[in-house]
Engineer: 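Here's a structure for you.
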Amino acid sequence: MTKKLLLIDGNSLAFRAFYAMYQQLDRMVTPEGLHTNALVAFNNFLESIVLPMQPDFALVAWDAKSGKETFRGDLYADYKSGRDKTPVEFKEQFPYLREMVLAHGLHNYEQNGLEADDIIGTLSREGEKAGDDVIIITGDQDLTQLATDKVTVKITKKGVTQIEEYTPAYIQEKFGLTPAQIIDKKALTGDTSDNYPGVTKVGEKTALKLLTEYHDLDNLYAHVDDMKKSKMKENLIADKEVAYRAQKLATIITDADLSISLDDLAYNGPKTKGLVELFESLHFKSALAKLKAHQLVGQDDTSVEDAESQSANFHPVKELDEAALADLAKADTLAIQIDTDADNYHTADMLAFAIGNDDLGYFASRDFTWFENQTLRDLIENPEQKLRLFNAKEVWVLMHRLDLTLAGVDFDFMLVAYLLDTVGNDNVLSTLAARFGLYLPADEDFYGKGAKFFVPTDDQEVFDHLGHKAEALYGLRDKAFEELAEHKQTDLYHDIELPLSFVLAKMEAQGFAVKEDRLEKMGQELDEKISQLKEEIYQIAGEEFNINSTKQLGTLLFEKMNLPVIKKTKTGYSTAVEVLEELAPQAPIVSHILEYRQLAKIKSTYVDGLLAVVDQADQKIHTRFLQTLTQTGRLSSVDPNLQNIPMRTEEGRKIRHAFVPSHPNWLIFGADYSQIELRVLAAITGDPNMKKAFMEDEDIHAETARAVFGLKADEPVDANHRRTAKAVNFGIVYGISDFGLSKNLGISRKDAKSFIETYFKEFPKIHGWMEQIKEQAHKDGFVETIEHRRRYLPEINAKNFNRRSFAERTAMNSPIQGSAADIIKIAMIKVDQALTKEGLQAKMLLQVHDELVFECPKEELEQVRKLVTSVMDSAVSLSVPLKVEDHAGPTWYEAK
DNA sequence: GTATTCACG
DNA sequence: ACGTACGTGAATACA
């Protein structure tokens, strides 16, 4: 059988790898200070390109370390000179690249006096002679000269994992040249990157023309005297020696004397132990996780030698039976895992569950009628039996669907992992467990994703998958709690996040009642207006086009109508609102487009979008709050997002008319914190001027205007001053920059800068805090909220100005936004407890960052109002009062 | 899958 | 000199 020989151009690929991930250079550093971007990309290359090839022989060729001492350097002193110095961040990765090659089961080779090309050239001819199929992988087009019917040259394009295949036929098609002519083309043109010249004034085009006519360099010079008189002819004759020197420089050696032969290059697959050690030393968490998980699933074949069988460390997983359940029912502590076939646990099908602990073992089943069994029901509802799981909120809702109330949760690994590190959190058990050195196959690998989702037909495989997850959860608890304690986050977890997850679960299960007919009627009215606008737009444009396409709209406005280009995106013209608003006075079509956009958005996202997710069983919308997603501690809301229902425009706000109480004679009640972020800022900075404004319950933006514009205490503040001051306050909360403020206010950067300076003079402690929090971030690498919620800022010390600046603004914003999030979370837990304690029927439905929405019987309104507002404004004790405003009405429209 | 736009706090 | 305001999710177009 034909053997496969793989030859890799190490230097050119490593170089590509380094620059492919150059943007991430600052982020990819080991604790020891080693940059790993090229290593990561090179590893991806080896895994995704080399591994699947399964060659019989494989070699990575490297340039000799002393680059100049090749015959090419002797031939031309300036060969490859004038190149930029190799960055140290790249150089330091070289030794590890070679180790990586070995660990992946390939061989390294380099030889004094030779470049990687020459090694590859020589071995490719040897392989060809031996009848092998030869594959060369490189980032350098020069190697295409080696292509033959048996030798394919693969060149990476864009990074190192996308590849273009060069066969002689493809080279002919693409360049119009044979592989040998590629050398002669360079003889004529020279090579700027290797810094040697060709014939004067001959470039790509001329060379191609000459080679088409004369085929090769020798033939060209044999006939050069017959050429018509021209400057080019003179140049060719004058530079004949230069051309032949360039030809030699460009020719890859194919008969070098190497101290290895093909037989030394046998490839037997990756060396698992070596890879594990390397990945550990390089802190390649995800590669390590993948590797170990791979072993666990048992997908390893002979290509992996001495695989340590980690799966032996897991208990066997048995099918649940009565006897086992009886034992489990007596246990104090258990881990539980339930798998579903989709993310949305309100509607997903439950696939299987596993339960157990290290003493009793792990048991699983695909039969959910087990949850009709009283022993299991009692276990789920018993607060004394401590459960360890992943995503308590999800499990609560799933149990709720089975008419059970989950109790006794002690350890929710998803919450804990989020609190420990929001940055690395992906809400996936397998990757989070890997951070603790515990390796599991990922659900995506086990089930597949999207259209390829498939539950293995072998139940035992499924039982193992779930059982191992349960066992991982059981084992992770102590170590994870220990880290929580080190972060001083134990209270944050026990007193805030864990109780909150049940409050949220109840809110989600409760749902928000929706009048579908109101949405439908709005939809019809919108449709009419939208088609009218569409007609008018087509009329003015003089043609029909897709108004939703920014590309087509851009062509119309900026090419056909020649309107001025205000802003560009990376793919073309920007047609965003601020651009269109600026253009509107110049062309009447633009205001029509703006109106069309607004209405189309309302129709598609809100009318159609919401109608599509109304639960037909109860005419309610059940969102999911993501509790472990945002970097600041806020919640987010999906499927649908009920935290961005329109409010700012009347047209959009009407959507809220469709959100109603779930019972007749009930009301929607909303309570929101007034200026919570600025109050938090005043409290944590302790700035006396800002605190005073809040303690005296002044209009904060007006007071800011007085301070910044030097007005007297009783002087009236004009609207413009107040607007400016408000923008400055916003800017302060976002981590101010003069650029951002100037853009927002449409003023010069100089003016913006002077506003900020005056602001900091008037509120000196705010300035002091801003400086201090940045310094702390630089020192610690993270910032914290009032409840010790932590946000790491991996780019706080980046060399790249943009990335570093962004991290610094984040350092200022996160403690403010995050502390506000802490406060409303505490309030939610307390409100929930108080409503229960008072025996009220009112239900909390939504949280929108600084606002809570309830439904309650009309008769309860006054009591609920007092209870909610008082709990909210006393949720935490700050040196600044919290203020709560409230509204009530028959629909959500009126309750804000 | 990425980019753009726009809805909210 | 650098060139961005902070935090989200969903719809649509387009490759």
Side-chain angles (χ1 to χ4, degrees), chain A residues 422 449-450 545-554 567-580 593-594 596-610 612-613 623-626 629-649 651-653 655-656 672-677 681 727-745 749 752 756 783 791 798-818 820-821 824 846-853 896:
Chain A
T422 56
K449 63 168 174 176
F545 67 103
N546 187 345
I547 310 171
N548 293 323
S549 161
T550 51
K551 204 175 164 205
Q552 292 178 36
L553 183 60
K567 201 172 102 184
K568 292 196 123 193
T569 66
K570 57 178 133 175
T571 53
Y573 313 110
S574 170
T575 65
V577 182
E578 53 294 4
V579 173
L580 297 189
I593 291 165
L594 279 166
Y596 170 89
R597 279 248 181 102
Q598 203 205 4
L599 300 184
K601 170 90 180 180
I602 296 170
K603 174 70 165 52
S604 67
T605 304
Y606 298 105
V607 175
D608 297 345
L610 290 174
V613 291
T623 185
R624 280 180 300 137
F625 290 106
L626 304 187
L629 181 132
T630 70
Q631 296 301 304
T632 54
R634 276 191 176 180
L635 302 176
S636 85
S637 158
V638 292
D639 271 354
N641 181 359
L642 290 186
Q643 290 182 321
N644 73 346
I645 303 301
M647 177 70 192
R648 292 168 191 170
T649 68
E651 281 289 347
R653 191 172 173 171
I655 292 287
R656 294 178 178 227
D672 64 285
Y673 281 114
S674 163
Q675 306 295 351
I676 188 168
E677 290 188 344
L681 178 68
V728 176
N729 278 330
F730 265 92
I732 292 291
V733 169
Y734 292 158
I736 195 109
S737 76
D738 52 9
F739 185 90
L741 183 65
S742 72
K743 199 167 137 236
N744 188 284
L745 282 174
R749 243 173 99 170
I756 295 167
V783 290
R791 178 173 185 176
K799 279 192 280 296
N800 180 309
F801 174 87
N802 270 332
R803 292 165 182 277
R804 189 176 64 250
S805 303
F806 182 71
E808 285 172 351
R809 290 196 296 277
T810 311
M812 297 184 270
N813 171 265
S814 290
I816 304 170
Q817 193 183 110
I824 195 163
L846 293 181
Q847 185 250 47
V848 193
H849 311 307
D850 64 356
E851 171 195 5
L852 298 176
V853 181
K896 175 72 206 246

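As the structure is a computational prediction, the values presented were derived from the model and not from experiment.
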Engineer: Show me the dot-bracket string of DNA chain C, counting Watson-Crick or G-U pairs under 3.5 Å, with | for pairs to another strand and [ ] for crossing ones.
Structural biologist: .....|||||||||.

Engineer: If you compare every side-chain N and O of A:Ser574 against the phosphate oxygens of B:dT4 (OP1, OP2), does one of them come in below 4.0 Å?
Structural biologist: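 Answer no for this pair, as no side-chain N or O of A:Ser574 is under 4.0 Å from OP1 or OP2.
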
Engineer: Tell me: CD1 of A:Ile547 to P of B:dT4, nearest whole Å?
Structural biologist: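 Roughly 21 Å, once rounded to whole Å.
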
Engineer: Hey, does the side chain of A:Gln631 come within less than 4.0 Å of C:dC6's phosphate (OP1/OP2), counting only N and O?
Structural biologist: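 Answer no for this pair, as no side-chain N or O of A:Gln631 is under 4.0 Å from OP1 or OP2.
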
Engineer: Taking only the side-chain nitrogens and oxygens of A:Ser805, find out if one of them lies under 4.0 Å from OP1 or OP2 of C:dC2.
Structural biologist: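 For C:dC2, neither OP1 nor OP2 has a side-chain N or O of A:Ser805 closer than 4.0 Å.
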
Engineer: Choosing from C:dG7, C:dG3, B:dC8, which nucleotide comes nearest the side chain of A:Arg634?
Structural biologist: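 Ranking C:dG7, C:dG3, B:dC8 by closest atom to the A:Arg634 side chain puts C:dG7 first.
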
Engineer: Quick one: is B:dC6 close enough that its OP1 or OP2 comes under 4.0 Å of any side-chain N or O from A:Arg597?
Structural biologist: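 Yes, within the criterion.
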
Engineer: Counting only side-chain N and O atoms of A:Arg809, is one of them less than 4.0 Å from OP1 or OP2 of C:dT4?
Structural biologist: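 Negative; the distance criterion is not met.
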
Engineer: From C-beta outward on A:Phe730, which listed nucleotide comes closest to its side chain: C:dC6, C:dA5, C:dA13?
Structural biologist: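 The listed nucleotide nearest to A:Phe730's side chain is C:dA5.
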
Engineer: Does A:Lys601 place a side-chain N or O at less than 4.0 Å from the phosphate oxygens OP1/OP2 of B:dC6?
Structural biologist: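 For A:Lys601, the contact criterion (side-chain N or O under 4.0 Å from OP1 or OP2 of B:dC6) is not met.
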
Engineer: Tell me whether the side-chain N/O atoms of A:Asn546 come closer than 4.0 Å to OP1 or OP2 in C:dA13.
Structural biologist: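 It does, given that an N or O in the side chain of A:Asn546 lies less than 4.0 Å from OP1 or OP2 of C:dA13.
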
Engineer: Looking at C:dA13, C:dA5, C:dA10, which one has an atom nearest to any side-chain atom of A:Asn548?
Structural biologist: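 Closest of the options to the side chain of A:Asn548: C:dA13.
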
Engineer: Below the 4.0 Å mark, does C:dA5 have OP1 or OP2 next to a side-chain nitrogen or oxygen of A:Asn744?
Structural biologist: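 Checking C:dA5 against A:Asn744, no side-chain N or O comes under 4.0 Å of OP1 or OP2.
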
Engineer: Nearest to the A:Met647 side chain among B:dC8, B:dT5, B:dG1, which nucleotide is it?
Structural biologist: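 Closest nucleotide to the A:Met647 side chain: B:dC8.
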
Engineer: Under 3.5 Å, is there any donor-acceptor pair linking the side chain of A:Gln643 to the base of B:dC8?
Structural biologist: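 Per atom types, no contact qualifies.
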
Engineer: In whole angstrom, what separates A:Lys567's NZ from B:dA3's C1'?
Structural biologist: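 A:Lys567 atom NZ is separated from B:dA3 atom C1' by 13 Å.
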
Engineer: Indicate yes or no: at least one non-hydrogen side-chain atom of A:Tyr573 is less than 4.5 angstrom from one of A:Leu553.
Structural biologist: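 Sidechains of A:Leu553 and A:Tyr573: no contact.
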
Engineer: In whole Å, I'd like the distance from the CZ atom of A:Arg804 to the C1' atom of C:dT4.
Structural biologist: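 Answer to the nearest Å: 14 Å.
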
Engineer: For C:dA15, take OP1 and OP2 only and decide whether either is under 4.0 Å from a side-chain N or O of A:Lys551.
Structural biologist: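 Indeed, a polar side-chain atom of A:Lys551 lies that close.
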
Engineer: Does A:Thr550 have a side-chain nitrogen or oxygen under 4.0 Å from the phosphate oxygens OP1 or OP2 of C:dT12?
Structural biologist: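 Checking A:Thr550 against C:dT12: no side-chain N or O falls below 4.0 Å of OP1 or OP2.
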
Engineer: Side chain of A:Arg791, base of C:dG7: donor and acceptor closer than 3.5 Å?
Structural biologist: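 No pair found.
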
Engineer: If you check the A:Phe739 side chain, which of C:dT4, C:dA10, B:dA3 turns out closest?
Structural biologist: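 Ranking C:dT4, C:dA10, B:dA3 by closest atom to the A:Phe739 side chain puts C:dT4 first.
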
Engineer: C:dT4 P sits how many Å from A:Phe801 CZ, rounded?
Structural biologist: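 Atom CZ in A:Phe801 sits about 10 Å away from atom P in C:dT4.
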
Engineer: May I have the distance from A:Leu553 (atom CG) to C:dT12 (atom P), rounded to whole angstrom?
Structural biologist: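 Rounded to whole Å, this separation is 16 Å.
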
Engineer: Return no unless some side-chain N or O of A:Thr569 is found under 4.0 Å from OP1 or OP2 of B:dT4.
Structural biologist: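 Yes, because at least one side-chain N or O of A:Thr569 sits under 4.0 Å from OP1 or OP2 of B:dT4.
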
